[in-house]
Amino acid sequence: MNILETHDVCKVYGDRKVLDDISVSVPEGTVYGLLGPNGAGKTTLIRIINHITAPDSGTVLFNGRQLTQDDVAHIGYLPEERGLYKKMKVGDQAVFFARLKGLSKQEATRQLHDWFDKFDIAAWWDRKVEELSKGMAQKVQFIVTVLHKPSLLIFDEPFSGFDPINANLLRDEIIKLKNDGATVIFSTHNMASVEEICDNITLINGGRNILTGNVQRLRREYADGRFKLVFDQSTDLRAVMEQLQPMANCFNTSTDKRDRNVLALKLTNGATLHDLIDKANSLGSLRGFEEVEASMNDIFINAVGAAQNNQMI
Amino acid sequence: MSTTGIIIGREYGERVKKKSFIITTLLMPILMLALMAVPAMIALWGSQTGKNIYVVDHSGVVGSRLVSDEDYTFTLTSLTPDSASNTENVDGVLIIPAGIIERDAPVEYLTDEATSISLESALTSRVADIVEQERMAAYPDLDVEKIISSVHADISMKTFRTDKDNEQGSSGLSYILGLVLTMMLYMCLLLYGQMVMTGIIEEKNNRVLEIVVSSVKPSRLMLGKIAGIGLVAVTQIAIWAVLITVISAFVIPAILPQSIANEVSMFNSGNLDPTQATIDTDLLQALGMLGDTGYLINLFAMLLAFLILGFLFYSSIFAAIGSAVDNIQDASQLQTFAVMPIILGIMFSMSAIADPTSSLSVWMSMIPFTSPMVMMARIPFGIDPWQIAASLAILLISTVAMIWLAAKIYRVGIFMYGKKPTWKELIKWTRYK
């Protein structure tokens, strides 16, 4: 069951086509990544899903029905530019938003204090938002977004402005939300986080959907003949590299947790995996072998690069 | 509580808790009463320092007959005009030409400061009086002194409204009251209207709107904001009304000298002969009216009615403007559409104060853009209740229409960033559910 579907959504600003036939399907209970270079149209798509702006053509379905203003109440939205009143006290503000979402004042206050403790910002309850750092304001915004437990959560660039520790905190919370049954859509430039938490992604470039699919499948598809060979400690990797040169380009050497030597390489054209393993086995004591999945970073750069080349031609 | 209620609560609470609001609310009436009281106090107890004028008299007659009083001190001098004007503590030198009795000739006045029309007319009329008396003295058969003292007349006017139980009223006081009420309305419409506008621009800028509209319909959000800020205005006016009423009912009688208090109460009961009054009758009337609590409450009720409707009307225009722009700088141009009618309103109020029953004043107190201010300027003069009712009714209907229109514009405007919406988009949005 898809909680959200867009069909052929188009949006034109002036003479610029910001979204061009975008169709995405977000299965319920999954984490969906919206990727794309700056200005690709991610935020516009998110705004359309949030009913903030209307598409020029195309439809948005929520739980299989046409999306209406009332459905938006079931969506928690974290905008990229943080939406808080600067002059208002943090606690009052969080309670205000929570009450708008239908919580009673007492209930909101109680739950918010729990969240503030969890995110280590309890001391800021009575401070004004303008006194907060960007990261702290973002924590407040995140709490406000998820507090009323909406079934669909949309985060626009949730990781920007967070240090690695807080980014981890946020990532864990997103995974927890998913485990609690919520569906999460988020846009990001942080590819590591996509690998860690996304089930599916759509990559948008210049308003077009250039890549869509399951993250694990895409990473294997784009693996592109990269492998890792694991040798025991005694093996001289440099000698192995020289011998393997005709059939594979080695691009990285390292040691794993058990101090074994690891060689990362890419098959050259014409060479077969069978020959490579044969040869490697004869050169040293081969302990392990695995195909290296492509990183989302590589997939992003390849796909966007290819799309842009096509445009130039 | 409904979402609109929560919005109103936030708008109201955040503003009323501000220090600046508390301070201006408490200080304003004190400041207003002080501004009204200070000139009266000075007139009552202050020793006026008049102008010190040296007189160089070539006629030999006029100078010696100029009588000094509290406003002007005349000193005959034999100095030359230039050296006289350089003498210390001399404000000006009046030069009276020879032969002024026989033939009209201009007097000259040397001074190193700006002169006013009142100074010029005071000096020329005094000199003219003396010249006229001298000329009459040329007819020896007439006892000039006796004639002048017996023909001198000092007429004041008591006005009675035949349509209002012969209630006594003075247009002088109504003039001041009309002015004060109009100014209060003007201030509130402009200040609080702009508060609505900047509030919306702020929400638009910091993207609060994008979150809030997920739980509140945009039209309700706009109404909530207007209502919240409107309540702040009402709170402020109500506090002012209470403070002014209390001060005028209890504090003024307490600090007023007994003799004047007696005159005021005599005046109010109609037993005072104006020629016997020791102070200006308009001032007496003002003091009398300030002590009339019922009259003040009635006036404030009218003010409140026009304030609420006028505010709703203008703040929806301000809201539409705020939603259509990205920042305050852009807004300053567009808000001319709201500010101009308000300024026109205050201008027509001035003419309404001068002539409250002219057809211009009547019409302008009916047209919704100017009616709150112009009607408020006319009310102290005592006008037909049906006119007030008609004006309120027209204002109410136009306010509802304006809110409806503003809500449509607001819905589209708040989510337009960077580019101006086209008419096609505006129409499309009004249909988008």
Side-chain angles (χ1 to χ4, degrees), chain A residues 11-16 18 43-44 46-56 66-89 92-93 95-105 108 128-130 137 141 144-145 148 150 152 154 156, chain B residues 1-15 17-21 198-221 224-225 228 326 411-422 424-433:
Chain A
K11 181 79 189 173
V12 180
Y13 281 143
D15 52 3
R16 206 165 64 87
V18 182
T43 299
T44 305
I46 287 175
R47 287 220 174 107
I48 288 173
I49 296 171
N50 269 305
H51 219 260
I52 289 170
T53 187
D56 292 336
Q66 176 84 36
L67 176 86
T68 65
Q69 180 72 42
D70 295 335
D71 294 323
V72 182
H74 302 288
I75 301 179
Y77 173 40
L78 179 85
E80 181 181 6
E81 288 162 272
R82 307 305 169 212
L84 294 172
Y85 291 104
K86 292 195 176 60
K87 303 267 179 206
M88 203 173 174
K89 283 179 184 169
D92 290 350
Q93 178 143 234
V95 171
F96 167 71
F97 282 115
R99 290 177 69 204
L100 279 186
K101 303 283 188 187
L103 272 71
S104 74
K105 197 170 183 175
K128 284 183 180 170
V129 171
E130 60 190 352
Q141 187 93 58
V144 165
T145 309
H148 65 297
L152 176 61
I154 301 178
D156 200 352
Chain B
M1 195 190 273
S2 74
T3 49
T4 318
I6 298 169
I7 299 275
I8 294 175
R10 194 200 83 85
E11 296 291 343
Y12 182 76
E14 282 298 304
R15 286 186 167 80
K17 275 188 283 180
K18 268 192 190 155
K19 278 198 197 87
S20 57
F21 174 82
T198 49
I200 289 171
I201 294 174
E202 187 207 351
E203 282 176 350
K204 197 178 165 181
N205 265 334
N206 61 23
R207 303 297 195 260
V208 171
L209 277 171
E210 297 193 0
I211 300 174
V212 177
V213 288
S214 65
S215 10
V216 190
K217 281 208 175 72
S219 56
R220 287 176 170 242
L221 183 60
K225 183 162 218 80
D326 284 337
R411 174 66 186 94
V412 190
I414 48 174
F415 295 128
M416 286 289 166
Y417 300 109
K419 74 182 193 72
K420 299 267 174 288
T422 63
K424 219 172 114 192
E425 275 174 314
L426 282 175
I427 293 162
K428 197 175 146 173
W429 264 112
T430 54
R431 291 185 188 150
Y432 193 64
K433 287 281 170 296

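In what follows, chains carry the letters A, B, and so on, assigned in the order in which the sequence lines appear, proteins first and then strands, with residues in each chain numbered from 1. A quick note: this is a predicted structure, and the numbers were derived from the prediction, not measured.
Heavy-atom distances place no part of Lys18(B) under 4.5 Å from chain A, backbone and side chain included. When heavy atoms are compared at a cutoff of 4.5 Å, Asp71(A) does not approach chain B at all. Residue Glu80(A): no heavy atom, backbone or side chain, is found under 4.5 Å from chain B. Of the atoms belonging to Tyr77(A), heavy atoms from both backbone and side chain fall under 4.5 Å from chain B.
Atom-to-atom distance recorded for Arg10(B):CZ and Leu100(A):CG is 9.5 Å, nearest 0.5 angstrom. The line from NZ of Lys86(A) to CG of Asn205(B) is 7.5 Å long, rounded to the nearest 0.5 Å.
Of all non-hydrogen atoms in Arg411(B) and Ile52(A), the two that sit nearest each other are NH1-O, 4.2 Å. Nearest heavy-atom pair across Lys101(A) and Ile211(B) is NZ-O, 4.1 Å.
At least one side-chain heavy atom of Arg47(A) sits less than 4.5 Å from a side-chain heavy atom of Glu210(B). Using a 4.5 Å heavy-atom threshold, the side chains of Tyr85(A) and Glu14(B) count as separate.
Looking at residues two or more places apart in sequence or on another chain, you find a side-chain contact (heavy atoms from CB on, under 4.5 Å) between Thr198(B) and Ile328(B).
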